[in-house]
Amino acid sequence: MMAEDIQKEGQQPEPEVTETEATQGAAQETADDTPPAEEKQEDLLAKEKDRYLRLFAEFENYKKRTTKERIELFKTAGQDILSAMLPVLDDFDRALTELAKLTDEQTLKGVELIYNKLMSTLKSKGLEQVEVATNDVFDSEHHDAVTQIPAPTPEAKGKVVDVIQKGYKLGDKVIRFPKVVVAQ
């Protein structure tokens, strides 16, 4: 009578499902748990995550690179000014050499004080003198050969005979190579 009541209301009775049909339907539901639309969404999500991670890594590398460039710029920011000061230092060296020949020690002391003060100020800004001495082995990557002279002895071949102009570096960068005379 119940089936008749349902049919009277305009609804159809539910067909009875056997046990084998029920297990087959459950197995089919687990196999098709994720419809194709969800798989596409998961693939799209994975692609977007990958894109985001790559973009984030690229931005981090950009920040590191610009920070490094900025630090390098600050280290060499005064290079133009310091390079312009090098001829003044050369003049000071020549003046000190000539004043040492004179007998007036007070003048020599005064000029030495000024020279030392200037050098300490420039050193505090990162300027260093490139050390070159006579009898050092000539290295074309660290020296600028102005002239070559015949070697007075066989041991002197390929060595620095005289330093004509001092070299300077700012931090690790050479801003002027020392000019030397080499024995050939």
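The pair R51-E48 meets the salt-bridge criterion, with a side-chain N (NZ, NE, NH1 or NH2) lying under 4.0 Å from an Asp/Glu carboxylate O. No salt bridge links D43 with K40; every basic N to acidic carboxylate O contact stays at or beyond 4.0 Å. The existence of a salt bridge linking D93 and K166 is confirmed by a sub-4.0 Å separation between a basic side-chain nitrogen and an acidic carboxylate oxygen. Contact check on K179 versus D162 returns no salt bridge, with no Lys/Arg side-chain nitrogen under 4.0 Å from an Asp/Glu carboxylate oxygen.
Connection of F177 to I164 is not established within any shared hydrophobic cluster, with ILVMFWY side chains joined at heavy-atom distances below 4.5 Å, either directly or through further cluster members. In the hydrophobic cluster analysis, where Ile, Leu, Val, Met, Phe, Trp and Tyr join through side-chain heavy atoms closer than 4.5 angstrom, Y52 is grouped apart from L55. Under the 4.5 Å side-chain contact rule for hydrophobic residues, L82 and I114 share a cluster. If you chain together hydrophobic residues whose side chains sit under 4.5 Å apart, Y62 and I71 never meet in one group.
Crowding of E58 atom CD: a count of heavy atoms from other residues, nucleotides or ligands under 6.0 Å not exceeding 12. Other residues, nucleotides and ligands contribute only 12 or fewer heavy atoms inside 6.0 Å of the CZ atom of R54.
Within the model, atoms NZ of K47 and CG of D50 stand 10.5 Å from one another, a figure rounded to the nearest 0.5 Å. Note: I81 CD1 to L86 CG = 12.0 Å, rounded to the nearest 0.5 Å. Between the CD atom in Q106 and the CG atom in L99 there is a gap of 12.5 Å [rounded to 0.5 Å]. Taken to the nearest 0.5 Å, the OG1 atom of T107 stands 8.0 Å off from the CG atom of L102. The OG1 atom of T97 sits 7.5 Å away from the NZ atom of K101 when rounded to the nearest 0.5 Å. Taken to the nearest 0.5 Å, the CG atom of D91 stands 11.0 Å off from the CG atom of L96.
The ring-ring contact (aromatic ring centres under 6.0 Å, His included) analysis of residues 106-129, with sequence neighbours excluded, yields the pairs F92-Y115. For residues 65-74, no pair satisfies side-chain hydrogen bond (donor to acceptor under 3.5 Å, both in side chains), with sequence neighbours left out. Residue pairs meeting the side-chain hydrogen bond (donor to acceptor under 3.5 Å, both in side chains) criterion with at least one partner in residues 137-146, sequence neighbours excluded, are D139-H142.
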Sequence neighbours excluded and cut-off under 3.5 Å, please list the side-chain donor-acceptor pairs for residues 120-128, or say none.
{"unit_1": "S120", "atom_1": "OG", "unit_2": "N116", "atom_2": "O", "d": "3.3"}
{"unit_1": "S120", "atom_1": "OG", "unit_2": "K117", "atom_2": "O", "d": "2.9"}
{"unit_1": "T121", "atom_1": "OG1", "unit_2": "K117", "atom_2": "O", "d": "2.9"}
{"unit_1": "S124", "atom_1": "OG", "unit_2": "T121", "atom_2": "O", "d": "2.5"}

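In this structure, Y168 and V174 have side chains that are not in contact, with every pair of non-hydrogen atoms separated by 4.5 Å or more. The side-chain heavy atoms of Q129 and K169, taken from C-beta on, include no pair separated by under 4.5 Å. Residues I149 and V181 have side chains in contact (heavy-atom distance under 4.5 Å, counting atoms from C-beta outward).
Its side chain outside the 4.5 Å cluster rule for every partner, L44 clusters with none of the Ile, Leu, Val, Met, Phe, Trp and Tyr residues. V132 belongs to a hydrophobic cluster with V130, F138, V160, V163, V180, V182, counting contacts under 4.5 Å between side-chain heavy atoms of Ile, Leu, Val, Met, Phe, Trp and Tyr, direct or through other members.
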Using salt bridge (Lys or Arg N to Asp or Glu O under 4.0 Å), reason through D104 and K109 one step at a time and then give a plain yes or no.
CA-CA 9 Å; D104 188 12; K109 281 185 180 182; over 6 Å; no
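Residue A183 comes nearest to A156 through the heavy atom pair CB-O, 3.1 Å, listed as atom of the first residue, atom of the second, then distance.
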